[in-house]
There are 2 protein chains.
Amino acid sequence: MHQTTAETAPGAAEACTTLPEPGTDEIRLECVLHALADPVRLRIVAELAAPGAALNCLAIDLPVTKSTSTHHFRVLREAGVIRQWRKGTSKMNALRRDDLARLYPGLLESVVAALAAQRDAARP
Amino acid sequence: MHQTTAETAPGAAEACTTLPEPGTDEIRLECVLHALADPVRLRIVAELAAPGAALNCLAIDLPVTKSTSTHHFRVLREAGVIRQWRKGTSKMNALRRDDLARLYPGLLESVVAALAAQRDAARP
DNA sequence: ACGTTCGTACGATAGCCGCCGTACTACGAG
DNA sequence: CTCGTAGTACGGCGGCTATCGTACGAACGT
(Lines give C-alpha, C1' and ligand atoms only; values in the text may rest on other atoms or scores of the structure.)
Protein backbone atom coordinates (compact mmCIF):
# COMPACT_ATOMS: atom_id res chain seq x y z
CA MET A 1 0.00 0.00 0.00
CA HIS A 2 0.93 3.62 -0.12
CA GLN A 3 2.55 3.29 -3.50
CA THR A 4 3.28 6.82 -4.64
CA THR A 5 1.15 6.73 -7.74
CA ALA A 6 2.69 9.76 -9.35
CA GLU A 7 0.40 9.64 -12.33
CA THR A 8 0.48 12.41 -14.87
CA ALA A 9 -2.40 14.71 -14.15
CA PRO A 10 -5.51 14.11 -16.24
CA GLY A 11 -5.57 15.77 -19.56
CA ALA A 12 -3.95 12.89 -21.33
CA ALA A 13 -6.19 10.65 -23.41
CA GLU A 14 -7.00 8.46 -20.42
CA ALA A 15 -10.61 8.08 -19.40
CA CYS A 16 -9.88 10.18 -16.38
CA THR A 17 -13.52 11.12 -15.65
CA THR A 18 -12.58 14.33 -13.92
CA LEU A 19 -15.09 15.15 -11.26
CA PRO A 20 -17.15 18.32 -11.70
CA GLU A 21 -15.22 21.41 -10.76
CA PRO A 22 -15.69 25.14 -11.29
CA GLY A 23 -14.15 26.76 -14.34
CA THR A 24 -11.45 29.32 -13.81
CA ASP A 25 -14.03 32.05 -14.27
CA GLU A 26 -16.32 30.49 -11.68
CA ILE A 27 -13.81 30.57 -8.85
CA ARG A 28 -14.63 33.14 -6.18
CA LEU A 29 -12.00 34.44 -3.81
CA GLU A 30 -14.23 34.28 -0.78
CA CYS A 31 -15.04 30.63 -1.50
CA VAL A 32 -11.37 29.79 -1.83
CA LEU A 33 -10.59 31.54 1.43
CA HIS A 34 -13.50 29.83 3.13
CA ALA A 35 -12.27 26.49 1.84
CA LEU A 36 -8.84 27.23 3.25
CA ALA A 37 -10.21 28.44 6.59
CA ASP A 38 -10.37 24.99 8.15
CA PRO A 39 -7.59 23.07 9.89
CA VAL A 40 -8.41 19.77 8.22
CA ARG A 41 -8.57 21.22 4.74
CA LEU A 42 -5.46 23.25 5.38
CA ARG A 43 -3.75 20.02 6.25
CA ILE A 44 -4.91 18.46 3.02
CA VAL A 45 -3.55 21.39 1.06
CA ALA A 46 -0.25 21.13 2.87
CA GLU A 47 0.04 17.43 2.08
CA LEU A 48 -0.89 18.03 -1.51
CA ALA A 49 1.66 20.77 -1.84
CA ALA A 50 4.46 19.15 0.08
CA PRO A 51 6.07 16.68 -2.35
CA GLY A 52 7.14 17.68 -5.79
CA ALA A 53 3.71 17.32 -7.30
CA ALA A 54 2.16 14.55 -5.30
CA LEU A 55 -1.37 13.41 -5.96
CA ASN A 56 -2.76 11.06 -3.41
CA CYS A 57 -6.02 9.34 -2.76
CA LEU A 58 -7.64 9.57 0.65
CA ALA A 59 -4.54 8.09 2.26
CA ILE A 60 -3.63 11.40 3.79
CA ASP A 61 -4.43 10.31 7.33
CA LEU A 62 -6.77 12.93 8.68
CA PRO A 63 -8.16 13.06 12.21
CA VAL A 64 -11.71 12.56 10.94
CA THR A 65 -13.93 9.84 9.57
CA LYS A 66 -14.07 8.74 5.97
CA SER A 67 -17.32 10.57 5.31
CA THR A 68 -16.03 13.79 6.80
CA SER A 69 -12.94 13.38 4.70
CA THR A 70 -15.03 13.07 1.57
CA HIS A 71 -16.89 16.20 2.61
CA HIS A 72 -13.72 18.24 2.98
CA PHE A 73 -12.31 17.09 -0.34
CA ARG A 74 -15.55 18.04 -1.97
CA VAL A 75 -15.47 21.51 -0.44
CA LEU A 76 -11.96 22.02 -1.73
CA ARG A 77 -12.92 20.79 -5.19
CA GLU A 78 -16.06 22.89 -5.41
CA ALA A 79 -14.14 25.97 -4.35
CA GLY A 80 -11.69 25.33 -7.14
CA VAL A 81 -8.70 24.59 -4.96
CA ILE A 82 -8.14 20.99 -5.98
CA ARG A 83 -8.94 18.73 -8.90
CA GLN A 84 -10.13 15.15 -8.49
CA TRP A 85 -10.41 12.19 -10.79
CA ARG A 86 -10.92 8.49 -10.40
CA LYS A 87 -8.03 6.14 -10.80
CA GLY A 88 -9.12 2.56 -10.56
CA THR A 89 -10.62 1.95 -7.16
CA SER A 90 -9.28 5.08 -5.59
CA LYS A 91 -9.35 8.78 -6.28
CA MET A 92 -6.57 11.17 -7.15
CA ASN A 93 -6.21 14.71 -5.93
CA ALA A 94 -4.08 17.60 -7.06
CA LEU A 95 -3.89 21.28 -6.35
CA ARG A 96 -5.02 23.51 -9.19
CA ARG A 97 -1.78 25.38 -8.91
CA ASP A 98 -1.71 26.98 -12.33
CA ASP A 99 -5.35 28.06 -12.28
CA LEU A 100 -5.01 29.61 -8.85
CA ALA A 101 -1.72 31.23 -9.72
CA ARG A 102 -3.34 32.81 -12.75
CA LEU A 103 -6.30 34.09 -10.75
CA TYR A 104 -4.63 35.00 -7.49
CA PRO A 105 -0.88 35.21 -8.03
CA GLY A 106 1.08 34.29 -4.94
CA LEU A 107 -1.91 33.38 -2.81
CA LEU A 108 -1.51 29.63 -2.71
CA GLU A 109 2.24 29.90 -2.35
CA SER A 110 2.04 32.23 0.62
CA VAL A 111 -0.60 30.09 2.31
CA VAL A 112 1.47 26.96 1.89
CA ALA A 113 4.59 28.74 3.08
CA ALA A 114 2.74 30.18 6.06
CA LEU A 115 1.43 26.73 6.89
CA ALA A 116 4.90 25.25 6.81
CA ALA A 117 6.30 28.10 8.87
CA GLN A 118 3.57 27.73 11.46
CA ARG A 119 4.10 24.00 11.65
CA ASP A 120 7.81 24.51 12.17
CA ALA A 121 7.16 27.07 14.88
CA ALA A 122 5.00 24.54 16.71
CA ARG A 123 7.70 21.87 16.61
CA PRO A 124 10.21 22.42 19.45
CA MET B 1 -17.88 64.56 7.62
CA HIS B 2 -15.62 62.03 6.01
CA GLN B 3 -12.52 64.01 6.74
CA THR B 4 -9.66 61.73 5.88
CA THR B 5 -8.18 61.63 9.34
CA ALA B 6 -4.79 60.35 8.28
CA GLU B 7 -3.50 60.12 11.82
CA THR B 8 -0.14 58.59 12.51
CA ALA B 9 -0.68 55.07 13.73
CA PRO B 10 -0.60 54.63 17.51
CA GLY B 11 2.76 54.15 19.05
CA ALA B 12 3.31 57.83 19.57
CA ALA B 13 2.92 59.17 23.05
CA GLU B 14 -0.81 59.74 22.59
CA ALA B 15 -3.18 57.99 24.93
CA CYS B 16 -4.12 55.66 22.12
CA THR B 17 -5.69 52.95 24.33
CA THR B 18 -5.13 50.29 21.73
CA LEU B 19 -7.85 47.69 21.95
CA PRO B 20 -6.80 44.16 22.95
CA GLU B 21 -5.29 42.28 20.06
CA PRO B 22 -3.29 39.08 19.71
CA GLY B 23 0.46 39.29 19.81
CA THR B 24 2.37 38.33 16.71
CA ASP B 25 3.03 34.93 18.22
CA GLU B 26 -0.66 34.46 18.95
CA ILE B 27 -1.83 34.87 15.40
CA ARG B 28 -3.02 31.63 13.83
CA LEU B 29 -3.17 31.18 10.09
CA GLU B 30 -6.52 29.44 10.16
CA CYS B 31 -8.03 32.30 12.15
CA VAL B 32 -6.68 34.85 9.71
CA LEU B 33 -8.08 32.91 6.79
CA HIS B 34 -11.39 32.50 8.56
CA ALA B 35 -11.50 36.22 9.21
CA LEU B 36 -10.86 36.87 5.55
CA ALA B 37 -13.43 34.34 4.38
CA ASP B 38 -16.38 36.71 4.55
CA PRO B 39 -17.53 39.20 1.92
CA VAL B 40 -18.14 42.00 4.40
CA ARG B 41 -14.80 41.62 6.13
CA LEU B 42 -13.07 41.26 2.80
CA ARG B 43 -14.60 44.56 1.87
CA ILE B 44 -13.29 46.16 5.01
CA VAL B 45 -9.82 44.88 4.28
CA ALA B 46 -10.03 46.20 0.75
CA GLU B 47 -11.07 49.65 1.99
CA LEU B 48 -8.36 49.66 4.60
CA ALA B 49 -5.76 48.69 2.03
CA ALA B 50 -6.93 50.90 -0.80
CA PRO B 51 -5.63 54.40 0.04
CA GLY B 52 -2.03 55.03 0.89
CA ALA B 53 -2.36 54.06 4.52
CA ALA B 54 -5.86 55.11 5.37
CA LEU B 55 -7.27 54.51 8.79
CA ASN B 56 -10.95 55.17 9.10
CA CYS B 57 -13.60 54.85 11.72
CA LEU B 58 -16.75 52.93 10.98
CA ALA B 59 -17.52 55.21 8.06
CA ILE B 60 -16.74 52.48 5.57
CA ASP B 61 -20.36 52.08 4.48
CA LEU B 62 -21.11 48.41 4.79
CA PRO B 63 -24.37 46.72 3.85
CA VAL B 64 -25.03 45.73 7.45
CA THR B 65 -26.13 47.28 10.71
CA LYS B 66 -23.91 49.02 13.19
CA SER B 67 -23.84 46.06 15.55
CA THR B 68 -22.95 43.64 12.78
CA SER B 69 -20.27 46.06 11.72
CA THR B 70 -18.81 46.06 15.20
CA HIS B 71 -18.88 42.29 15.16
CA HIS B 72 -16.91 42.08 11.92
CA PHE B 73 -14.31 44.57 13.07
CA ARG B 74 -13.90 42.64 16.24
CA VAL B 75 -13.38 39.38 14.35
CA LEU B 76 -10.72 41.01 12.23
CA ARG B 77 -9.01 42.47 15.27
CA GLU B 78 -9.09 39.26 17.27
CA ALA B 79 -7.69 37.34 14.33
CA GLY B 80 -4.81 39.79 14.19
CA VAL B 81 -5.67 41.28 10.82
CA ILE B 82 -6.36 44.82 11.96
CA ARG B 83 -5.49 47.09 14.85
CA GLN B 84 -8.00 49.38 16.52
CA TRP B 85 -7.72 52.32 18.86
CA ARG B 86 -10.01 55.02 20.09
CA LYS B 87 -9.67 58.48 18.71
CA GLY B 88 -11.99 60.87 20.40
CA THR B 89 -15.52 59.73 19.87
CA SER B 90 -14.74 57.38 17.04
CA LYS B 91 -12.45 54.46 16.43
CA MET B 92 -9.53 54.08 14.09
CA ASN B 93 -8.65 50.99 12.13
CA ALA B 94 -5.53 49.91 10.33
CA LEU B 95 -4.24 46.75 8.79
CA ARG B 96 -1.41 45.09 10.66
CA ARG B 97 0.56 45.01 7.48
CA ASP B 98 4.03 44.62 8.94
CA ASP B 99 3.05 41.94 11.44
CA LEU B 100 1.24 39.91 8.82
CA ALA B 101 4.03 40.38 6.31
CA ARG B 102 6.51 39.07 8.86
CA LEU B 103 4.38 36.04 9.68
CA TYR B 104 2.96 35.23 6.26
CA PRO B 105 4.96 37.03 3.61
CA GLY B 106 2.92 37.89 0.59
CA LEU B 107 -0.39 36.67 1.95
CA LEU B 108 -2.12 39.97 2.58
CA GLU B 109 -0.76 41.45 -0.62
CA SER B 110 -2.05 38.62 -2.77
CA VAL B 111 -5.44 38.68 -1.10
CA VAL B 112 -5.78 42.40 -1.64
CA ALA B 113 -4.60 42.10 -5.21
CA ALA B 114 -6.99 39.21 -5.85
CA LEU B 115 -9.81 41.24 -4.38
CA ALA B 116 -9.06 44.17 -6.64
CA ALA B 117 -8.74 41.92 -9.67
CA GLN B 118 -12.04 40.21 -8.93
CA ARG B 119 -13.75 43.53 -8.44
CA ASP B 120 -12.42 44.75 -11.75
CA ALA B 121 -13.59 41.58 -13.48
CA ALA B 122 -17.10 42.17 -12.15
CA ARG B 123 -17.20 45.72 -13.52
CA PRO B 124 -18.22 45.68 -17.23
C1' DA C 1 -19.25 -15.16 -7.92
C1' DC C 2 -17.40 -13.30 -3.81
C1' DG C 3 -15.16 -10.51 -0.79
C1' DT C 4 -12.16 -6.53 0.01
C1' DT C 5 -10.89 -1.91 -0.47
C1' DC C 6 -12.03 2.71 -1.53
C1' DG C 7 -15.20 6.02 -1.66
C1' DT C 8 -20.17 8.19 -1.70
C1' DA C 9 -25.07 9.24 -0.16
C1' DC C 10 -28.05 10.18 3.34
C1' DG C 11 -29.74 11.38 7.61
C1' DA C 12 -29.02 13.37 12.05
C1' DT C 13 -26.95 16.32 15.51
C1' DA C 14 -24.57 19.91 17.67
C1' DG C 15 -22.17 24.05 17.42
C1' DC C 16 -20.85 28.16 15.27
C1' DC C 17 -21.83 32.41 12.88
C1' DG C 18 -23.94 36.30 10.48
C1' DC C 19 -27.54 39.18 11.16
C1' DC C 20 -30.70 42.05 13.58
C1' DG C 21 -32.91 45.14 17.29
C1' DT C 22 -32.76 47.29 21.48
C1' DA C 23 -30.62 49.13 25.37
C1' DC C 24 -26.55 50.86 27.09
C1' DT C 25 -21.89 53.50 27.55
C1' DA C 26 -18.22 57.00 26.10
C1' DC C 27 -16.84 61.17 24.39
C1' DG C 28 -17.17 65.75 22.72
C1' DA C 29 -19.97 70.13 21.44
C1' DG C 30 -23.07 73.59 22.80
C1' DC D 1 -25.56 69.89 32.22
C1' DT D 2 -27.65 68.23 28.17
C1' DC D 3 -27.72 66.54 23.83
C1' DG D 4 -25.99 64.11 19.77
C1' DT D 5 -22.77 61.08 17.72
C1' DA D 6 -19.97 56.71 17.75
C1' DG D 7 -19.70 52.47 19.20
C1' DT D 8 -20.64 48.23 22.40
C1' DA D 9 -23.26 44.54 24.92
C1' DC D 10 -26.67 41.33 24.97
C1' DG D 11 -30.12 38.30 23.53
C1' DG D 12 -32.29 35.96 19.88
C1' DC D 13 -33.02 33.78 15.41
C1' DG D 14 -32.10 31.27 11.18
C1' DG D 15 -28.85 29.06 8.48
C1' DC D 16 -24.70 26.96 7.48
C1' DT D 17 -21.33 23.27 8.51
C1' DA D 18 -18.25 19.96 10.71
C1' DT D 19 -18.92 15.73 12.47
C1' DC D 20 -20.55 11.10 12.82
C1' DG D 21 -22.79 6.39 11.71
C1' DT D 22 -24.73 3.42 8.68
C1' DA D 23 -25.86 1.84 4.37
C1' DC D 24 -24.76 1.68 -0.35
C1' DG D 25 -21.89 1.57 -4.89
C1' DA D 26 -17.78 0.90 -7.95
C1' DA D 27 -13.10 -1.66 -9.19
C1' DC D 28 -10.14 -5.05 -8.54
C1' DG D 29 -8.10 -9.65 -6.99
C1' DT D 30 -8.94 -14.42 -6.30
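Here the structure is a predicted model, which means the values were calculated and not measured. To find a chain, count down the sequence lines: A is the first, B the second, and so on, and within it residues start at 1.
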At 4.0 Å (heavy atoms only), tell me whether B/S67 reaches a base, stays on the sugar-phosphate, or touches nothing.
base

Choosing from D/dA18, D/dA27, D/dG7, which nucleotide comes nearest the side chain of A/T89?
D/dA27

Counting heavy atoms from C-beta on, name the nucleotide in C/dC20, D/dT19, D/dA18 closest to the side chain of A/V64.
D/dT19

Spacing of [X] atom [atom1] relative to [N] atom [atom2], expressed in whole Å:
| X | N | atom1 | atom2 | value |
| --- | --- | --- | --- | --- |
| B/L19 | C/dC27 | CG | C1' | 15 Å |
| B/H71 | C/dC20 | NE2 | P | 11 Å |
| A/K66 | C/dG7 | NZ | C1' | 6 Å |
| B/L42 | C/dG18 | CG | C1' | 15 Å |
| A/F73 | C/dG7 | CZ | C1' | 11 Å |

So, does A/R74 get its side chain near the phosphate of C/dA9, meaning an N or O under 4.0 Å from OP1 or OP2?
yes

Below 4.0 angstrom from OP1 or OP2 of D/dA18, is there any side-chain N or O of A/R41?
yes

d(B/L19 CG, B/E78 CD) to nearest 0.5 Å is 10.0 Å

Tell me which residues in residues 30-38 of chain A put a heavy atom below 4.0 Å from DNA chain D, sorted by number, or none.
A/H34, A/D38

Given 3.5 Å as the limit, does a donor-acceptor pair link the side chain of B/Y104 with the main chain of B/L29, or not?
yes

Check A/D99 with A/R83, please: is the shortest side-chain N to carboxylate O separation under 4.0 Å?
yes

Which residue lies toward the 5' end of DNA chain D, B/T70 or A/T68, if each is placed at its nearest nucleotide?
B/T70

